Number of protein chains: 2
Amino acid sequence: MEKLTPKQQRVYDYIRDTLAATGAPPTRAEIAEALGFASANAAQAHLRTLARKGAIELGSRRSRGIRLLGGAPIGLDGPVANDDDHTDEGLAVIGRVAAGMPVLAVEHIERRVQVSQAIFSAPADYLLTVQGDSMTGAGILDGDLLGVRRTTDVREGQIAVFRLGDDVTVKRFHRDRDGIRLLAENPDYPDITVDAEADELALEGLAVGVLRAIS
Amino acid sequence: MEKLTPKQQRVYDYIRDTLAATGAPPTRAEIAEALGFASANAAQAHLRTLARKGAIELGSRRSRGIRLLGGAPIGLDGPVANDDDHTDEGLAVIGRVAAGMPVLAVEHIERRVQVSQAIFSAPADYLLTVQGDSMTGAGILDGDLLGVRRTTDVREGQIAVFRLGDDVTVKRFHRDRDGIRLLAENPDYPDITVDAEADELALEGLAVGVLRAIS
DNA sequence: TTGCCGACTGGATATATTTACAGCATGGAA
DNA sequence: TTCCATGCTGTAAATATATCCAGTCGGCAA
């Protein structure tokens, strides 16, 4: 197969993707719109060139009559997410956490979910099932799975998972001269002011992502 | 998937075979000729029945807009690995969805994400990047990846992806004696009242889940 | 019997799609 | 410089397709 120019390759790729996404090849007009051409004829010219070079085959007067011939298989474009370690097992989903017990204790693992770390802002170490509506304002609803990355420090304004005495909670972190406050993102819930003396505050990890089933 | 009659199965098989043989689904006329019908309308009726039973999916006014749903995916010969179905390649992230003021959406696969179907309420066929804040009340924020399952019908109250003319939007479906309305979940955004006459409303699929990176 | 569904025929029509024709601009090769 | 390939815009016409409407027929269940 003769070599394709970058532009021609883009047309070829679009055909391949459309085939995969819709089950049928695109029309000239669809190609033109997708690649930003004002005229479908530009796509037509490209197709003829691709056919001449042996990358595709065109059916005469046949709507969507484009067949891929070239040998380039679909590749996982983009970077492949590299997990820290246990890629195969997926992320553990943690349910309710008993008081004082380490979050990642085996007995808390309900199941495992295979998820690419690519969808998180940073690699997650486990998933936590959110309970309650205190963070709905941040788009974190009751029942959501929260991707958590274990860290030792939080920065101002970040959403993280904290342990306050016996309770594990998700809140936005805020610290100023008056001390630390854990802010809820729901007017119906009060912010939590942490009394450095009396309360025992621990950071479980940073919230790096949310997964939710919509029914 | 509802059971098919022998005749319906023959139509289904012909679509599958045509897809494998030519790289594109057949037209009504081609189906009619292949199965010996004198009228393409006979094929049309069969297709509608197949769609109703969930065996295929029909694209509105789209030439060769037939998509197989039931059973094993067919091997598009040539270099095209069929997407959709799954696991190995992950879900395709397709274009952007206007969730605020409708924005022109150019459909096109941006990347792929490995996600277990288990986190969705139903298997997703692809992921769409949400654009806009009109569904924040439902915990769907700007930039979120929305898991979409291609279907042919929505039920009252479900959140789905609609195409209104050239615009793609995520909204909650509502239908009553006055007609169809697409409800935003954000007081700052107006609900969309669909004019059955003037507007061309199409269902892209059901929202089955949300993925979001928190930074 | 009545009514509904699966299976068609035939004809009409609005779109969707392909394709030809006419140009324009750029850059490399002869 | 001239020729040619790449890459486009724009318009129009010829076809290909999807879809709607109006009926027909036989089987089956209420």
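This one's a predicted model, so the numbers in the text were calculated from it and none came from an experiment. Residue numbers start from 1 in every chain, and the chains themselves are labelled A, B, ... in the order their sequence lines are given, proteins ahead of strands.
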Q) Do B:Q131 and B:D142 come close enough that some side-chain heavy atom pair is under 4.5 Å? A) yes
Q: Taking the side chain as every heavy atom from C-beta outward, state whether B:M135 and B:I159 have any pair of such atoms under 4.5 Å apart.
A: yes
Q: For the pair A:E33 and A:R28, find out whether any cationic side-chain nitrogen is under 4.0 Å from an anionic carboxylate oxygen.
A: no
Q. Do the side-chain N or O atoms of A:R52 get closer than 4.0 angstrom to the phosphate oxygens (OP1, OP2) of D:dT6?
A. yes
Q | Charged N-O contact under 4.0 Å between B:E30 and B:R64 | A | yes
(Q) Any non-hydrogen side-chain atom of B:L145 less than 4.5 Å from a side-chain atom of B:V210? (A) no
Q: Please tell me which of A:T49 and A:A42 maps to the more 5' nucleotide of DNA chain D, matching each residue to the nucleotide holding its nearest heavy atom.
A: A:T49
Q | Residue-level proximity of residues 31-39 of chain B to DNA chain D when a heavy atom falls under 4.0 Å | A | none
Q.
Under a 3.5 Å cutoff, is there a donor and acceptor pairing between the side chains of B:S121 and A:S215?
A. no
Q. To the nearest angstrom, how far is A:I56 atom CD1 from C:dT18 atom P?
A. 11 Å
Q. Taking the six-membered ring for Trp, are A:F37 and A:H46 ring centroids under 6.0 Å apart?
A. yes
Q: Summarise protein proximity over nucleotides 12-25 of chain D in one line of letters, 5' to 3': B for base, S for sugar-phosphate only, - for none, counting protein heavy atoms closer than 4.0 Å.
A: ----SSSBBBB---
**Q.** Salt-bridge contact A:R172-A:E156 (side-chain N to carboxylate O under 4.0 Å)
**A.** no
Q. Looking at five pairs on each end of the helix from C:dT1-D:dA30 to C:dA30-D:dT1, what is the angle between the two axes, given to 10 degrees?
A. 20°
Q. Is B:D144 reaching over with its side chain to a backbone N or O of B:L146, donor-acceptor style, under 3.5 angstrom?
A. no
Q) Run the side chain to side chain donor-acceptor pair (under 3.5 Å) check on A:K7 and A:T5 step by step: do they pass? A) CA-CA 5 Å; A:K7 255 309 168 62; A:T5 66; over 6 Å; no
